[in-house]
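Start at 1 and go down the list; that is how both ligands and their atoms are numbered. In what follows, residues are counted from 1 in the order of the sequence shown. Only a predicted model underlies this, so the values are computations on that prediction, with no experimental measurement involved.
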Amino acid sequence: MSALSPVTRRPIGLMAAMPQELQSLLDLMPDEARVERGGRTFWVGHLQGRAVVAVLSGIGKVAAAITATLLADAFGVSQIWFTGVAGGLGADVRVGDVVVADALLQHDMDASPLFPRHELPGLGVSRLHPPRALTDRVVSVVAEALLEVDAAGALHGLGLGRPRVHRGLIVSGDQFVSAAQDAETLRNHLPDVLAVEMEGAVVAQVCQAFGLPYAVVRSISDRADGSAHVDFTRFVDGVASPFTLAIVMALLRAVPDGAGDALEAS
Ligand code: SAH
């Protein structure tokens, strides 16, 4: 085994929200070994020659916290990349677009009057920020990856146009937001919010606790207003999974080995 063997590096943790997204990664892992921990199946192996641990996140804050904590503590990952779907809240965030988080917040955290609304007790902040250098890189590779990915037919078939990439605030909570009024309330409290989902801000908090860099990338599957914008299964199979695969592969090429050790979580 050469001194440069990637197995000597800490693996990259890949958290996917949907089984189809995880499967698209596993299909390209030549040597994945299955490890059971905490009721989860972790797939330890290589993708493009890089050491990775791929796992299904689980839906919701606690499930994601357990998964991320195990990646950090039991598998010793150097960083975590989360991919999944989300509801679009920003005015120009459309179904099929991709949102890269540069800030994450738990919209259902409210320990007021002890702490201001949304503030994470003990941390003194409500928003967590992935390292800027990693976010910059993610935004540029996502834009390129979306051009490469052959989802045009699927996008067109679902009545979707060319996807755009957005960068900004993603909020998470233990609620699938499907009432237009709830979406409006979130926009009123957090005017710069772009997307809502159920795990990203948790991954941020876990990674901050362990000093790990992280990225959260979400394909927009709905407008969080209860309308059936697209057939969800077709969207995940035809759009979100190819996006996840293209984005992860492009990121593996763009983020050098050991970058996780150099990037500081902020
Ligand atoms: N309908 C899907 C379940 C999606 S569950 C199925 O049958 O499999 C919700 C997942 O999608 C969570 O992981 C969450 O992060 C994300 N999500 C997508 N749109 C969302 C929205 N409008 N509100 C909250 N979470 C959303």
Engineer: So which atom in S126 and which in H118 form the shortest heavy-atom distance, rounded to 0.1 Å?
Structural biologist: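 Residues S126 and H118, closest heavy atoms: CB-O, 3.1 Å.
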
Engineer: For atom 12 (C) of ligand 1, tell me which residue out of E199, Q175, E197, R223 has the closest non-hydrogen atom.
Structural biologist: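 Going through E199, Q175, E197, R223 one by one, E199 has the nearest heavy atom to atom 12 (C) of ligand 1.
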
Engineer: On a heavy-atom basis, which atom in M18 and which in L56 lie closest, and how many Å separate them?
Structural biologist: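 Result for this residue pair: C-CD1, 3.5 Å.
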
Engineer: Touching ligand 1 at all, S178? Heavy atoms, strictly under 4.0 Å?
Structural biologist: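 Heavy atoms of S178 never come under 4.0 Å of ligand 1.
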
Engineer: Give the residue and atom name of whichever protein heavy atom lies nearest to atom 16 (C) of ligand 1, and the separation in Å to one decimal.
Structural biologist: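 Checked against all protein heavy atoms, atom 16 (C) of ligand 1 sits closest to V85 O, 3.3 Å.
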
Engineer: Report the part of R218 (side chain from C-beta onward, or backbone N, CA, C, O) that has a heavy atom under 4.0 Å from ligand 1; answer both or neither where that applies.
Structural biologist: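 Side chain only.
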
Engineer: Would E197 and S172 count as having a side-chain donor-acceptor pair, cut-off 3.5 Å?
Structural biologist: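 Yes, because at least one side-chain N or O of E197 sits under 3.5 Å from a partner of the opposite role on S172.
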
Engineer: Can you tell me how far CG of L160 sits from CD1 of I220, rounded to the nearest 0.5 angstrom?
Structural biologist: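 It comes to 11.5 Å.
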
Engineer: At less than 4.0 angstrom from any non-hydrogen atom of D222, what atoms of ligand 1 do you find?
Structural biologist: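 By the 4.0 Å cutoff, the relevant atoms are 18 (C), 19 (N), 20 (C), 21 (C), 22 (N).
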
Engineer: Which atom pair, heavy atoms only, marks the closest approach of P213 to L134?
Structural biologist: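 For P213 versus L134, the nearest heavy atoms are CB-CD2, 4.0 Å.
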
Engineer: Just jot down the ligand 1 atoms closer than 4.0 angstrom to any heavy atom of A224, in number order.
Structural biologist: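 Checking each atom against A224, I get 22 (N).
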
Engineer: Just wondering, are more than 12 heavy atoms of other shown residues or ligands nearer than 6.0 Å to CZ in R162?
Structural biologist: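 Not buried by this count: 12 neighbours or fewer within 6.0 Å.
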
Engineer: Numbering the atoms of ligand 1 from 1, which are under 4.0 Å from a heavy atom of S221?
Structural biologist: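 Result: 18 (C), 19 (N).
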
Engineer: How far is atom 23 (N) of ligand 1 from the closest protein heavy atom, and which atom is that?
Structural biologist: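 Minimum-distance protein heavy atom for atom 23 (N) of ligand 1 reads V177 N, 2.9 Å.
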
Engineer: Check for me, please, whether V99 and M198 land in the same ILVMFWY cluster - side-chain distances under 4.5 Å, paths through other members count.
Structural biologist: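 V99 and M198: separate clusters.
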
Engineer: Hey, is D136 close enough to R167 for a salt bridge, meaning N to O under 4.0 Å?
Structural biologist: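 Yes.
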
Engineer: Distance under 4.0 Å to a non-hydrogen atom of F176: what atoms of ligand 1 satisfy this?
Structural biologist: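 Within the 4.0 Å cut-off of F176, ligand 1 contributes 9 (C), 17 (N), 18 (C), 19 (N), 20 (C), 21 (C), 22 (N), 23 (N), 24 (C), 25 (N), 26 (C).
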
Engineer: Using a 4.0 Å cut-off to any heavy atom of M198, which atoms of ligand 1 qualify?
Structural biologist: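 So the atoms of ligand 1 that pass are 12 (C), 14 (C), 15 (O), 24 (C), 25 (N).
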
Engineer: May I ask which of F82, F232, F235 has a heavy atom nearer to atom 8 (O) of ligand 1 than the others do?
Structural biologist: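 Among F82, F232, F235, the closest heavy atom to atom 8 (O) of ligand 1 comes from F232.
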
Engineer: Using salt bridge (Lys or Arg N to Asp or Glu O under 4.0 Å), reason through E32 and R34 one step at a time and then give a plain yes or no.
Structural biologist: CA-CA 7 Å; E32 78 276 17; R34 188 191 165 117; over 6 Å; no

Engineer: In terms of residue, atom name and distance, what is the protein heavy atom nearest to atom 10 (C) of ligand 1?
Structural biologist: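 I find the closest protein heavy atom is M18 CE, 4.0 Å.
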
Engineer: Please list, in number order, the atoms of ligand 1 under 4.0 Å from a heavy atom of I59.
Structural biologist: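 Heavy-atom distances to I59 below 4.0 Å select 5 (S), 13 (O).
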
